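Everything on this sheet refers to the single structure shown next.
Heavy atoms only: backbone and side chains are in, while hydrogens, waters and symmetry mates are out. Keep in mind it's a predicted model, so treat the numbers as computed, not measured.
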Amino acid sequence: MTVQGRMGRIRGQIVRFALVGVVNTATYYGFYLLFLSLSLPYVAAHVVAFLLSMTGSFFLNCHFTYRTRPTWRKFLLFPLTNAANFVITTTGVWLLVDVAGFSSRYAPLVAAAAAIPITFVVSRTIMLRPEPPSAPPAGPAEAVSCARHGEV
C-alpha cells in the first residue's frame, strides 16, 4: 500500500473513531439518565452506564472503525483506551484551569479534544495488534502417534 493510501485509511479511521466517540457519549448519557429514572444512585448509574457504553464502544470500534475481528484479548485490553483518556483529560483540565487560568466550564471540552489523537493511537494499537500465535490443538493423528511412543 502506498503512503498516500495508508494515510487515507488512517484518516478514515480517525473520522470513524470520532463518530464512535459521539455515539458512545450519547449512549452513556442515555443509559445514565435511564438508570437515574429507575432510582439508581447517581454513582451506580454512572458506573453501569459507563461499562455498558464502553462495551458498545469496543464492538463499534472493532466493526466500524478498524474493521477487525473482536477477540477476548482485545476486549480485555480495550479499557486501556479509557484509562489513557482519563489521564490525559484530567491532566489537561488541571493544566488549563490551574496553570493557564482557563475557564473550568470549558476546560474539559478542550482537554477532551486534545485527548482524541492519543486515545486514537492507543485504541488503534490494541485493535490492530496481531494476535499472538497459539499452538494448534493436537489432531487425532498426533494423539495416536504420541500414544504409540508412550508419550500420552
Side-chain angles (χ1 to χ4, degrees), residues 1-139 143:
M1 176 178 284
T2 67
V3 172
Q4 212 172 20
R6 181 175 160 84
M7 291 307 294
R9 192 176 92 212
I10 291 172
R11 251 185 308 228
Q13 289 174 347
I14 291 170
V15 169
R16 291 188 303 270
F17 181 78
L19 290 172
V20 167
V22 169
V23 169
N24 184 49
T25 301
T27 302
Y28 159 78
Y29 195 59
F31 276 131
Y32 177 74
L33 293 176
L34 171 70
F35 295 132
L36 281 180
S37 74
L38 297 174
S39 300
L40 226 60
Y42 74 91
V43 173
H46 163 72
V47 169
V48 175
F50 183 85
L51 292 173
L52 288 171
S53 67
M54 186 171 60
T55 301
S57 178
F58 169 75
F59 288 106
L60 283 173
N61 275 301
C62 279
H63 294 293
F64 179 66
T65 304
Y66 302 111
R67 299 181 175 140
T68 186
R69 183 175 57 88
T71 64
W72 280 108
R73 181 180 159 278
K74 291 174 188 172
F75 183 74
L76 295 173
L77 290 173
F78 189 72
L80 293 175
T81 63
N82 290 75
N85 189 304
F86 178 78
V87 169
I88 294 161
T89 56
T90 303
T91 303
V93 167
W94 175 78
L95 287 171
L96 287 167
V97 174
D98 286 355
V99 176
F102 207 77
S103 166
S104 61
R105 178 179 290 268
Y106 301 109
L109 300 174
V110 174
I116 290 171
I118 297 165
T119 306
F120 172 76
V121 169
V122 173
S123 172
R124 191 171 193 278
T125 300
I126 289 169
M127 295 299 199
L128 298 180
R129 178 185 233 172
E131 292 292 320
S134 59

Checking side-chain contact (heavy atoms from CB on, under 4.5 Å) for the pair Met127/Thr71: CA distance, chi angles, key distance, verdict? CA-CA 9 Å; Met127 295 299 199; Thr71 64; over 6 Å; no

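- Annotation: side chain of Thr55 is in contact with side chain of Phe75 (closest heavy-atom distance under 4.5 Å).
- When all heavy atoms are compared, the tightest approach of Ile10 to Arg124 is CG1-NH2, 3.5 Å.
- We find the CD1-OG1 distance between Ile118 and Thr81 to be 13.0 Å, quoted to the nearest 0.5 Å.
- The shortest heavy-atom contact between Ile116 and Phe17 is O-CE2, 4.0 Å.
- The OG1 atom of Thr68 sits 9.0 Å away from the NE2 atom of His63 when rounded to the nearest 0.5 Å.
- Residues Tyr66 and Ser123 bring a donor and an acceptor atom of their side chains to less than 3.5 Å of each other.
- Contact between Ser53 and Asn24 at its shortest, heavy atoms only, is O-OD1, 2.6 Å.
- Nearest approach of Thr65 to Val20, heavy atoms of both residues: OG1-CG2, 3.4 Å.
- For the pair Thr91 (side chain) and Ile88 (backbone), a donor-acceptor distance under 3.5 Å is absent.
- In terms of heavy atoms, Ser57 sits closest to Phe78 at OG-CZ, 3.6 Å.
- Looking at Leu80 and Ile126, their side chains come closer than 4.5 Å, going by heavy atoms from C-beta outward.
- In this structure, Val15 and Arg11 have side chains that are not in contact, with every pair of non-hydrogen atoms separated by 4.5 Å or more.
- Centroid-to-centroid, the aromatic rings of His46 and Phe35 stay 6.0 Å apart or farther.
- Annotation: side-chain hydrogen bond (donor to acceptor under 3.5 Å, both in side chains) contacts of Thr125 (sequence neighbours excluded): none.
- Using a 4.5 Å heavy-atom threshold, the side chains of Phe50 and Phe31 count as separate.
- Between Pro70 and Phe58 there is a side-chain heavy-atom pair separated by less than 4.5 Å.
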Yes or no on side-chain contact (heavy atoms from CB on, under 4.5 Å) for Thr27 and Val23, after CA distance, side-chain angles and deciding distance? CA-CA 6 Å; Thr27 302; Val23 169; 3.9 Å; yes

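- The heavy-atom pair separating Leu96 from Ala111 by the smallest distance is CD1-N, 4.1 Å.
- With rounding to the nearest 0.5 angstrom, the CG atom of Leu109 is 9.0 Å from the CZ atom of Phe102.
- The salt bridge (Lys or Arg N to Asp or Glu O under 4.0 Å) pairs that include a residue from residues 55-77 are Arg73-Glu131, where partners are two or more places apart or lie in different chains.
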